[in-house]
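Okay, structure first, notes after.
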Amino acid sequence: MKKIPIIIDCDPGCDDTIALLLAFANDKLDIKGVTVSAGNVNIYNTSENARKLIGVFRREIKVAKGCEKPMFKTIVTAPEVHGESGLGCLILPEKNKKLEELNAVEFLAKTLKESSEKITIVITGPMTNIAVFLIAYPELKEKIEKFVIMGGSSIGGNVTPSAEFNIYVDAEAADIVFKSGVRIILCPLDVTMKAFITEKELEEIKAIGGYASEVAYGAIKNALDFYKEFYNKHEVPMHDPCTIAYLLNKNIFKGKEVFVGVELRGEFTYGETIIDYRNKFFKEKNALSLNEIDRIEFVNMIKVAVTKLKTVV
Ligand code: RIB
Ligand code: CA
């Protein structure tokens, strides 16, 4: 079976962690590297979380630290959701996995330059690293197969009334990526809010056993506690794993080819994504925006991944 070469750009982060576990467990993916962004928490903590997760589960994968702030703004983080560390109360063991000497932008350039095939870039955090890469190495854009992005929303925001976090943190970077001309698969809140895990399913994940189930339980539980406290919800959306799930089985999703753009100048709407499902702007369509998911199959994919990683740790 031909593997799918990917690079994951992420800001772990509780749901990023589940996306990473999903990717680590599936040999359909050839993970060329993980690059780290600042978002859920600061770049030091997101890098530490990525470094330690890879040290535990897939230590051969290279991990490179990225930009510590957005292109033009000060960083906005979400410790209220992910905890100060970015992983709630989870304490990951030290396996002495080293970060790459190259920063994320240089690592992206080197990996794409040296690859004999195009690489899919999965983005589950603010897009600063990717935007800076596109500006610095325009000649390497042709080596990107597509972007699979968790970000945006047409159903209202989770940071402002209209802006989703990953876009809001660095909307200028998102604008560069949306206008890049590279094929985009977008996983906005439209679909990720439907990709939730219930308390019962969380207990089923815990019951699988093994260290991966502890990590998955700890990461999801932290996010669930936030949703319980602030939204009185007993289920928690798994935003970022939708990107990896799409690569593993796109048939569990439905979506529509659309124009996607981002607001940069609105006093109240900065970071809002325009997902033009009804083609009101008559603009060239630049993304497949997903808006339906087979949630049961999605949750099952996470359970299967946690079970497979049981043999690793
Ligand atoms: O809005 C959800 C997104 O913001 C997810 O990627 C989550 O990890 C946070 O980064
Ligand atoms: Ca994320």
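As the structure lists them, so they are numbered: ligands from 1, and atoms in each ligand from 1. Keep in mind that this is a model prediction, so the values were computed, not measured.
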Review point. Looking at atom 6 (O) of ligand 1, what's its closest protein heavy atom, distance included?
Key: Asp240 OD1, 2.6 Å
Point to revise | Row check, Phe259 ring normal vs Lys283 NZ/CZ: under 6.0 Å, within 45° | key: yes
Review point. Quick check: are there more than 12 heavy atoms from other residues, nucleotides or ligands sitting under 6.0 Å from CD of Glu263?
Key: yes
Check your understanding: What's the atom name of the N, O or S in Asp11 nearest to the Ca ion (ligand 2)?
Key -> OD1
Review point. In this structure, which one of Lys303, Lys206, Arg295 forms a side-chain hydrogen bond (donor to acceptor under 3.5 Å, both in side chains) with Glu201?
Key: Arg295
**Study point:** Distance-only side-chain donor-acceptor flag, Asn232 / Tyr227, under 3.5 Å
**Key:** no
Review point. Which bit of Thr192 gets closer than 4.0 Å to ligand 1, counting heavy atoms only: side chain, backbone, both or neither?
Key: neither
Practice item. Give the name of the N/O/S atom in Asp240 that lies closest to the Ca ion (ligand 2). Key: OD2
**Study point:** Ring-face cation contact, Tyr168 with Lys73, 6.0 Å cut, 45° max
**Key:** yes
Point to revise | For atom 8 (O) of ligand 1, closest protein heavy-atom neighbour | key: Asp15 OD1, 2.5 Å
Exercise for review: Any atoms of ligand 1 less than 4.0 Å from a non-hydrogen atom of His239? List them with their elements.
Suggested key: 2 (C)
Point to revise | Met150: numbered ligand 1 atoms lying under 4.0 Å from its heavy atoms | key: 2 (C), 3 (C), 5 (C), 6 (O)
Exercise for review: Tell me yes or no: between the side chains of Asp170 and Thr128, is some donor less than 3.5 Å from an acceptor?
Suggested key: yes
Check your understanding: Does Thr124 put an N, O or S atom under 3.0 Å from the Ca ion (ligand 2)?
Key -> yes
Review point. Just checking, any donor-acceptor pair under 3.5 angstrom between side chains of Asp11 and Thr46?
Key: no
Point to revise | Per-atom contacts, ligand 1 versus Asp11 - under 4.0 Å to a heavy atom | key: 10 (O)
Review point. If Ile, Leu, Val, Met, Phe, Trp and Tyr residues are connected whenever their side-chain heavy atoms lie under 4.5 Å apart, and connections chain through other members, are Phe165 and Val81 in the same group?
Key: no
Practice item. Indicate, as side chain, backbone, both or neither, the part of Val81 found under 4.0 angstrom from ligand 1 when only non-hydrogen atoms are considered. Key: neither
Review point. Please state which protein non-hydrogen atom is closest to atom 9 (C) of ligand 1 and give its distance, to 0.1 Å?
Key: Asn40 OD1, 3.0 Å
Review point. Can an N, O or S atom be found in Asp15 less than 3.0 Å away from the Ca ion (ligand 2)?
Key: no
Exercise for review: Using a strict 4.0 Å threshold on nitrogen-to-oxygen distance, state whether Glu199 and Lys228 make a salt bridge.
Suggested key: yes
Practice item. Under 4.0 Å, heavy atoms only, figure out whether ligand 1 is touched by the backbone of Thr124, its side chain, both or neither. Key: backbone
Exercise for review: Specify the protein heavy atom at minimum distance from atom 2 (C) of ligand 1: its residue, its atom name, and the distance to 0.1 Å.
Suggested key: Glu164 OE2, 3.3 Å
Practice item. List every atom of ligand 1 that sits less than 4.0 Å from any heavy atom of Asp16, numbering the atoms from 1 in the order shown and giving each element. Key: 8 (O)
Check your understanding: Taking everything shown except Glu101 itself, do over 12 heavy atoms lie less than 6.0 Å from its CD?
Key -> no
